[in-house]
Structures are given as structure tokens and as C-alpha cells.
Amino acid sequence: MVYFSPSPLDRTFFALADATRRAMLEQLSERGTQTAGELASPFAMSLPAILKHIGVLTRAGLIRRKKIGRSVHCHLDAEPMRAADAWIERYEKFWSGRLGALAAYVEE
């Protein structure tokens, strides 16, 4: 049997692929540490569904959670996004160069 263990970059892109999870990260970046209930408040979904999203973000390393009493407190850890940014930047440079060459060719 083959076991697949996604790379940290794969986990980051998977987590960022969902609009709800991106909105949760934005909420954490603007408001700081929040409980799972506070993160759930803007969304029309159940707390168990929110907890699944929090699990994906935690596995990607994008949030850290800490249980205090009966509450789960979450805070943003944007460090894994550095690798994603570096990956995107590499291809941005590649396509900028290609498009620049195309523009020069078209202008001739």
C-alpha cells in the first residue's frame, strides 16, 4: 500500500484553497487570537464544520490552537505562507519575463 504524506507547501495550498479558511485567516490577522466560537460567528455553518476547517488550518501550520478550559483559542501563524510566497514569486518572475519578451516581439 502506498502512503502519501503531503509536503508542507501542499498542505498550505490545500488550506488556502477554501474561501472559508481564507476568511478565517483574515479574521485572525485583523482581530488577533479568537475562540472557535468567535471564528464561527460570521459563517452560516455548524461548530463541528468550523472545527474541521480549524483542523485543516492547524495541520497546515497556519494557526496554532490552545485549549483554555472549555474554549479553543486560535491565533495566526503566517510562517508557512513564506514558502508559498517564494514558490509563487519564482513563477511570477518567469511569466513576467516571458510576457515582456512577447510584448517586445509584438511591438516590432
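- Members clustered with L51: L16, M24, L25, L28, L39, F43, M45, L47, I50, I54, L57, L62, I63, L76, M81, by chain and number, using a 4.5 Å side-chain heavy-atom cutoff among hydrophobic residues.
- Remark: side-chain polar atoms of Q34 are not paired, donor with acceptor, to backbone N or O of A40 under 3.5 angstrom.
- With sequence neighbours left out, E30 forms a salt bridge (Lys or Arg N to Asp or Glu O under 4.0 Å) with no residue at all.
- Note: R90 CZ to I88 CD1 = 11.5 Å, rounded to the nearest 0.5 Å.
- The main-chain N or O of H53 is never found under 3.5 Å from a side-chain atom of R21 such that the two would form a donor-acceptor pair.
- Listed by chain and number, the hydrophobic cluster partners of I68 come to none, as no ILVMFWY side chain reaches under 4.5 Å of it.
- Under the salt bridge (Lys or Arg N to Asp or Glu O under 4.0 Å) criterion, E79 pairs with R82, sequence neighbours left out.
- Here A84 pairs with L9, T12, F13 under the side chain to side chain contact (heavy atoms under 4.5 Å, CB included) rule; sequence neighbours left out.
- Across all their heavy atoms, P80 and G61 have their closest contact at CG-O, 3.3 Å.
- Applying the salt bridge (charged side-chain N to carboxylate O under 4.0 Å, His left out) test to pairs two or more places apart or on separate chains, those with a residue in residues 52-78 are R64-D77.
- Partners of E26 according to the side chain to side chain donor-acceptor pair (under 3.5 Å) rule, which considers only residues two or more places apart in sequence or in another chain, do not exist here.
- In this structure S41 satisfies the side chain to side chain contact (heavy atoms under 4.5 Å, CB included) test with no other residue, sequence neighbours excluded.
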